[in-house]
Amino acid sequence: MEMDKLVALCKRRGFLFQSSEIYGGLNGFWDYGPLGVELKRNVKEAWWRDMVAGHDDLATLPGAPGPYAMTGLDCAIIMHPQVWKCSGHYDLFHDYMVDCRESKKRYRYDQVQGRWVEAKGQRIFVAVPSGEKEDEQIEQRALKYFNLRAKHAEELHWDGPVVSLTTVKDFSQVLGPDAKELGTLTPPREFNLMFKTTVGALGGEEDVAFLRPETAQGIFVNFKNVIDSSRVRIPFGIAQMGKSFRNEITPRYFTFRSREFEQMEIEFFCHPRQSPEWYRYWRDRRYAWYVGLGLAGERLRLRDHSPEELSHYSCGTADIEYAFPFLAKGEFGELEGIAHRGDFDLRSHMEGKLVRKGNELVVEMGPDGKPRHKGSGKDLSYFDDQTRERYIPHVIEPSAGADRATLAFLCEAYCEDKVPDENGKLTERVVLRLHPRLAPIKAAVFPLVNKDGMPEIAQKLYRELKREFNVFYDDKGAVGRRYRRQDEAGTPYCFTIDGQTLQDNTVTIRDRDTLKQERLPLAEVAHRLHELLR
RNA sequence: GCGGGUGUAGCUCAGUGGUAGAGCGCCACGUUGCCAACGUGGCUGUCGUGGGUUCAAGUCCCAUCACCCGCUCCA
């Protein structure tokens, strides 16, 4: 499937529009149209129902170590700036970058390493991107620059150890990591990956706040509130859906990498001893969720991260990925990450921003010997009344992208097939084979023709169904055309009132995927639709 | 941020300096008896945006915005 065709369909049928389109659009922002808003709502509602509202607190679900509770939360998008300092986002999202005019490459300012060297009467700073065997790389680059053979390496006079580019004031004598000439690096420029805003009408620098780059932190900072107010006991999860914002350098791939996006996140709190089991449970449970809603083919995969890939605080992470059509063959894009985060988050908000030291997480210290970012100082540990044990819970985080899931469902659903026309000749058809739970319109109601009382009966059925379902009434043009229009919108069922209805009160139900038609009594339509949408 | 490509009707696209086009869709009326292709009529455009060159610009030049591809980035 070519992505262009899906993008065109999304626009034509009102799934997705470019944001602010009449003013030329805005990079990285998208609007959901009349059909898109229903689809995305259905994705989110399916998630909330399956994970939270419909969760059985009493049962031990297949694969789970035991019963658990689920509860929800809806936090403010703007939180105290200290939240982001302790979570690590402030430092990580606050990068300085340098560009190379010659190689057109971009580097993190603080990650470029290099060493001063003098030869042939010239003193230059030889840079390499941080990595392995920096010394070796630097020497090779220096030899090459001065046009020396390896056996003449002693002509290179090193001045000091390998240091960061941040120690260099003037870049005119710097040999960039991929450059052949000196002085090709631009001055460092600040990249704010968090959206900055100001709280209060007169706000100055000290009133700076950030739009949240993830919903998770709102859950951590409310952990104690939920414990104290809801009688939940560990193990339990807190779920939240909502907008997040990241000032991506390169928004790309339709809605896949947007600057404003919606997340569906769970923070699941459990005893440290049980956390590996819960991690595996959530990984498999979340994968099965996508499969159940139609991403069943080879385009969906569950990928465990390799140890090198793991974040500094994580002891296990898996991605649920989808082979989006805009990616290169063999490449997958992330729909959801399931991370074992240990006690990193709760401890950070207690003690302050943490860093890894050996095998331990310790509070990162600033140059003044005090914590670089001070925590709340509140006790976020948990006391188990039954075992008389106090501990900081470990956290399993299934973090999903609502827009990415919506896009994946659209990509998977898009299908061009051939169906017979009135003469039995095969004609092209565009159909969205969306799972009935996700379909924006659940059913359409048609009078076969606009006479003999058919419209009256059809309208009555439409009104009855509309009370419970998003249904659509259409009496325009030939009925075949109406079926095709619904196919493009992904509507799974069509009910048609025809001549026979007038005699025996039965209607036809037409299936989007098989095109099969079946008669059923008018009075049973609502009941049947209920069953089909389950 | 860099390089390449693209931008014309709701959609897909034609239009190589001289009156703005086609197909599909959409709307109305008629027709209608189950899978888009019946008839008649109709609506649709600051040619992405802003400047410039020219008697004349959709077309040439400059800038800018957006989308696609490749770098870069992606806790």
Side-chain angles (χ1 to χ4, degrees), chain A residues 2-5 7-14 17-30 33 84 87-95 97-108 129 178 186 189 191 193-194 213-214 216 246-254 256-257 309-314 317 326-328 333-334 337 339 341 344 399 418-431 446-452 454 475-488 494 496-502 507-508 510-512 515-517 519:
Chain A
E2 303 93 53
M3 198 59 199
D4 312 10
K5 290 189 174 175
V7 174
L9 174 77
C10 283
K11 164 123 203 238
R12 178 160 35 96
R13 295 309 305 262
F17 307 125
Q18 206 180 345
S19 165
S20 316
E21 194 189 283
I22 62 168
Y23 287 106
L26 189 61
N27 194 331
F29 298 90
W30 298 89
W84 308 113
S87 71
H89 289 87
Y90 180 82
D91 292 340
L92 276 166
F93 271 18
H94 214 84
D95 292 338
M97 310 288 278
V98 292
D99 290 308
C100 178
R101 296 188 192 91
E102 183 190 314
S103 68
K104 306 297 182 198
K105 297 211 178 220
R106 169 173 294 165
Y107 314 94
R108 281 263 302 269
D178 296 282
T186 63
R189 281 178 290 200
F191 278 69
L193 271 51
M194 282 198 290
E214 64 171 34
R246 295 179 194 181
N247 220 341
E248 299 284 355
I249 294 170
T250 314
R252 186 128 354 153
Y253 301 137
F254 205 22
F256 183 79
R257 184 175 298 153
E309 242 183 308
L310 292 179
S311 307
H312 53 291
Y313 48 75
S314 182
T317 299
F326 44 75
L327 298 173
E334 182 182 341
R341 297 176 63 91
F344 175 82
S399 169
K418 288 200 159 51
V419 299
D421 68 5
E422 53 186 346
N423 302 316
K425 211 179 108 197
L426 290 179
T427 56
E428 281 270 323
R429 170 178 82 143
V430 173
V431 55
F446 306 147
L448 183 60
V449 287
N450 283 310
K451 61 180 189 188
D452 301 338
M454 292 182 207
D475 60 4
K476 305 223 167 51
V479 73
R481 178 182 296 272
R482 287 179 254 160
Y483 286 139
R484 298 295 178 86
R485 274 198 283 246
Q486 293 305 317
D487 291 339
E488 264 199 356
C494 295
T496 302
I497 280 68
D498 59 12
Q500 198 178 327
T501 312
L502 307 169
V507 301
T508 62
R510 178 261 198 187
D511 183 277
R512 176 195 66 200
L515 305 181
K516 292 233 172 74
Q517 279 178 274
R519 294 203 80 86

Nearest-angstrom distance, C1' atom, B:rG42 to B:rC35: 27 Å
Candidate nucleotides B:rG10, B:rC35, B:rA75, ranked by approach to the side chain of A:Leu515 - the nearest: B:rC35
Listed partners of A:Arg13 passing salt bridge (charged side-chain N to carboxylate O under 4.0 Å, His left out), at least two apart: A:Glu488
Under-4.0 Å side-chain N/O to phosphate OP1/OP2 contact, A:Arg12 with B:rC11: no
Whether A:Phe326 and A:Tyr253 hold their rings parallel, tilted or perpendicular, with breakpoints at 30° and 60°: parallel
Distance, P atom - from B:rG3 to B:rU8, rounded to whole angstrom: 24 Å
Touch class at under 4.0 angstrom, heavy-atom based, for A:Gly28 against every strand present: sugar-phosphate
Below 4.0 Å: OP1/OP2 of B:rG70 and any side-chain N or O of A:Tyr253: yes
Rounded P spacing from B:rU46 to B:rC11 in Å: 11 Å
Sugar-phosphate, base or nothing in reach of A:Gln517, heavy atoms under 4.0 Å: base
Closest to side chain of A:His89, choosing from B:rA75, B:rA36, B:rC11: B:rA75
Interatomic distance at P, B:rG30 relative to B:rA66, whole Å: 49 Å
Span that lies between the C1' atom of B:rG21 and that of B:rG70, in whole angstrom: 35 Å
Any A:Thr250 side-chain nitrogen or oxygen under 4.0 Å from OP1 or OP2 of B:rU72: no
Out of B:rG33, B:rA36, B:rC69, whichever nucleotide has its closest atom nearest the side chain of A:Asp452: B:rG33
Sugar-phosphate only, base, or nothing, as touched by A:Thr508 at under 4.0 Å among non-hydrogen atoms: base
Spacing of the P atoms in B:rC69 and B:rU59 (rounded, Å): 27 Å
Listed nucleotide nearest any side-chain atom of A:Arg252, set B:rA36, B:rC35, B:rG70: B:rG70
Options B:rC67, B:rC11, B:rC69, nucleotide nearest the side-chain atoms of A:Asn27: B:rC67
Euclidean distance for P, B:rG17 against B:rU12 (whole angstrom): 26 Å
Whole angstrom value for the distance that separates C1' of B:rU49 from CD of A:Glu21: 14 Å
Spacing of NZ belonging to A:Lys476 relative to CZ belonging to A:Arg481, to within rounding of 0.5 Å: 13.0 Å
Residue A:Thr496, side-chain atoms from C-beta onward, closest of B:rC34, B:rC67, B:rA66: B:rC34
Sugar-phosphate, base or nothing in reach of A:Phe446, heavy atoms under 4.0 Å: nothing
Sugar-phosphate only, base, or nothing, as touched by A:Phe326 at under 4.0 Å among non-hydrogen atoms: sugar-phosphate
Can you give me the N/O atom pairs linking the protein to nucleotides 25-32 of chain B at distances under 3.5 Å, or say none if there are none?
unit_1, atom_1, unit_2, atom_2, d
B:rG25, OP1, A:Arg481, NH1, 2.8
B:rG25, OP1, A:Arg481, NH2, 3.4
B:rC26, OP1, A:Arg485, NH1, 2.3

